[in-house]
Amino acid sequence: MPSGTLLLIDDEATLRQAISRMLELEGYTVLQAPDARRGLEALRQYAEEVLVVLSDVKLPDGYGLDLLPRYKQAAPLAEVILLTAYGTIPDGVRAMKEGAFDYLTKGDSDDQLVVVVDRAAEKARLQRRVADLEKKVGLQHSFESMVGHSAALEQAKKLAQRAAPTDSTVLLEGPTGSGKELFAQAIHQASARRSKPFVAVNCSAFPKDLLESELFGYRKGAFTGALADKKGLMEEANGGTLFLDEIGELELNVQAKFLRVLETQQFTKLGDTKPTSVNVRIVAATNRNLRQEAELGHFRPDLYYRLSVFTVPVPGLNERRDDVDVLANYFLQFFAAKLRRRLSGLEPEALDQLRRHDWRGNVRELKNVLERAAILADGDTLTIDDLPAEFHHFAPEATADEASDRSLRALEKRQIRLVLQETGGNKMEAARQLGIGTKTLYRKIQEYGL
């Protein structure tokens, strides 16, 4: 049985009660109003709940067709059905053009009214689900959703947020794996183009001879195998944002064609004679020094200057080490949920090694390390033994003074060091061979500075 809230606005009390009773028997909750003023008040108050507005065309204080925009403004996701005693074709056409779901004549069968209301309510539910999804996507790809609060990250976010509301071309510069695509998505979501497509292209992922046709499309017969017209990614992004990752990989002839798009918003498809117009905002990214590449003749200087209207340096993870802890815990919880594991956190020694590591692969490398560790973890807490071998650092051999020290403390320190070296840093195995608990071993390692 259908469910949901409807709003019925009609000045005829008897008819209003009859329609309300019929729709309530179908499972709906029906709010009632005798005129436009009280109807709009109720609609504003219950805008989140009302799925469908059923409004008489002739009300004591308004005309339904004129009120239609006000209904849509008060509850944009609700559908409106207009009811009239004497329907005319011109009024019906006008109602549909201005956004009414339907235009019904009073006295039509009750079954028809119920069917139309059901269809309108289902459309309204679908619109709400789409709006919720868009909101979640927007939050997921927003600047606020970025994990970390280091000074370097905050500075990059401030710059990107200044550029986002404009239509200016943005160039994101930063090492591979630093999160340049996340910045591009956040820029798109913070712009007026957020409801339009975001199309991402990795220029290094396509063979060089195919990239031009993928970007700009082609006409049937343009080359052997072109059996039909193909729309390029530039057209797919029309109205929205095109993100070109690793733009330094573009060949010089493609760079020339792309420069024309930036200057005129037009391009010519392969095999075509007429230009195609688009309205696309460009966000590009590179891990190269494009200024230097331009000086060496590997990149067009005019394209570089056109791309770098607004440049945002995206910091690598080594530049934002303050974020390692929060990122590590974030990824650990993400993969714990994905793997359906209970992982409460990382042991201090494991976190310390993550902080010290040289993150050449940046955030992407950290994410991969945490995924592997989450799979291998035996307990509820991630230990250094769950990290790859390069994170296992050991103390050097004992000095001459340490070797001559005959105290029980020195002997214990040397024995623990020896067993750790023999087990390749495996704490659980070392603890087993030493005949002590793992926690005791960790305490001893910290105590002796191992």
Side-chain angles (χ1 to χ4, degrees), residues 72-73 76-77 99 126-146 153-174 178-203 205-206 211 214-217 230-247 250 254-255 257-269 275-286 290 303-314:
K72 299 298 286 185
Q73 183 180 11
L77 298 178
L126 179 60
Q127 288 174 165
R128 286 166 193 266
R129 286 197 292 270
V130 170
D132 287 342
L133 285 172
E134 288 177 345
K135 186 177 179 180
K136 288 177 182 176
V137 169
L139 290 172
Q140 182 182 352
H141 298 303
S142 66
F143 288 106
E144 291 73 20
S145 69
M146 290 183 180
L153 179 64
E154 292 300 319
Q155 179 63 25
K157 283 165 62 175
K158 279 183 182 178
L159 278 173
Q161 284 171 320
R162 294 289 293 272
T166 72
D167 267 346
S168 296
T169 301
V170 177
L171 179 63
L172 303 168
E173 295 182 326
S178 56
K180 297 188 291 293
E181 185 167 348
L182 287 178
F183 268 83
Q185 289 173 328
I187 288 169
H188 174 72
Q189 287 298 329
S191 74
R193 297 173 179 265
R194 68 181 68 86
S195 61
K196 301 297 182 180
F198 174 85
V199 178
V201 184
N202 188 333
C203 298
F206 291 97
L211 185 55
E214 288 296 327
L215 275 176
F216 304 109
K230 176 181 171 61
K231 186 186 286 188
L233 295 170
M234 191 75 69
E235 268 188 286
E236 295 288 351
N238 193 28
T241 302
L242 179 67
F243 172 56
L244 292 170
D245 197 8
E246 306 303 350
I247 195 168
L250 286 181
V254 182
Q255 290 179 29
K257 199 167 183 177
F258 186 64
L259 178 62
R260 177 170 171 77
V261 174
L262 288 174
E263 292 177 341
T264 67
Q265 291 279 291
Q266 289 185 333
F267 62 91
T268 304
K269 297 181 180 182
T276 299
S277 297
V278 288
N279 175 15
V280 177
R281 194 231 184 123
I282 302 296
V283 178
T286 181
L290 287 189
L303 178 56
Y304 167 70
Y305 292 122
R306 191 67 183 79
L307 282 172
S308 57
V309 171
F310 198 99
T311 303
V312 178
V314 179

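Reckoned from all heavy atoms, side chains included, excluding hydrogens, waters and symmetry mates.
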Just how far is it from atom CG of Leu77 to atom NZ of Lys72, taken to the nearest 0.5 Å?
8.0 Å
Would you call Leu262 and Leu303 a side-chain contact if the rule is heavy atoms closer than 4.5 Å?
yes
For Val283, which of Val312, Leu171, Leu172 qualifies under side chain to side chain contact (heavy atoms under 4.5 Å, CB included)?
Leu172
If I take atom CZ from residue Phe143 and atom CD from residue Gln161, how far apart are they, to the nearest 0.5 angstrom?
5.0 Å
Side-chain donor/acceptor of Ser308 to backbone N/O of Thr311, under 3.5 Å:
no
Which of Val254, Leu233, Leu211 passes side chain to side chain contact (heavy atoms under 4.5 Å, CB included) with Phe216? It is Val254
What pair of heavy atoms forms the shortest contact from Ala237 to Pro197, and how long is it?
CA-CB, 4.3 Å
Test log, rule side chain to side chain contact (heavy atoms under 4.5 Å, CB included), inputs Glu181 and Phe183:
CA-CA 5 Å; Glu181 185 167 348; Phe183 268 83; over 6 Å; no
How long is the gap from CD on Glu214 to SG on Cys203, to the nearest 0.5 Å?
11.5 Å
Do Val261 and Val280 make a side-chain contact, defined as non-hydrogen atoms from C-beta onward lying under 4.5 Å apart?
no
Below 4.5 Å, heavy atoms only, C-beta onward: do Leu307 and Thr286 meet side chain to side chain?
no
Contact between Phe258 and Ile282 at the side-chain level, heavy atoms closer than 4.5 Å - yes or no?
yes
Treating Lys269 as the side-chain partner and Lys231 as the backbone partner, does any N or O pair qualify as donor plus acceptor under 3.5 Å?
no
Would you say that Arg193 contacts Asn279 through its side chain, given a criterion of any heavy-atom pair below 4.5 Å between the two side chains?
yes
Would the distance check show the side chain of Gln255 and the main-chain N or O of Leu250 forming a donor-acceptor pair, the cut-off being under 3.5 Å?
yes
Going through the distances and angles, do Val314 and Leu182 end up as a side chain to side chain contact (heavy atoms under 4.5 Å, CB included)?
CA-CA 10 Å; Val314 179; Leu182 287 178; over 6 Å; no
Give a yes or no answer on whether the side chain of Arg281 reaches the backbone of Ser168 with a donor-acceptor pair at less than 3.5 Å.
yes
Is there side-chain contact between Lys180 and Glu173, with heavy atoms separated by less than 4.5 Å?
no
Report yes if some heavy atom in the side chain of Phe267 is under 4.5 Å from a heavy atom in the side chain of Leu215; otherwise report no.
no
May I have the step-by-step check of side chain to side chain contact (heavy atoms under 4.5 Å, CB included) for Val199 and Met234, ending in yes or no?
CA-CA 8 Å; Val199 178; Met234 191 75 69; over 6 Å; no
What heavy-atom pair brings Ala284 and Phe243 nearest, and what distance separates the two atoms?
C-CE1, 4.3 Å
How close do Ala186 and Met146 get, heavy atom to heavy atom, and via which atoms?
CB-CE, 3.9 Å
Is there a side chain to side chain contact (heavy atoms under 4.5 Å, CB included) between Ile187 and Thr241 once you walk through the steps?
CA-CA 9 Å; Ile187 288 169; Thr241 302; over 6 Å; no
Look up atom OG in Ser195 and atom NE2 in His188, then write down how far apart they are to the nearest 0.5 Å.
7.5 Å
Just wondering, are more than 12 heavy atoms of other shown residues or ligands nearer than 6.0 Å to CD in Gln73?
no
How many angstroms lie between atom CZ of Phe310 and atom CZ of Arg162, to the nearest 0.5 angstrom?
7.0 Å
Tell me if the NZ atom of Lys196 is crowded by more than 12 foreign heavy atoms within 6.0 Å.
no
Atom CG in Asp167, atom OG in Ser191: separation rounded to 0.5 Å?
7.5 Å
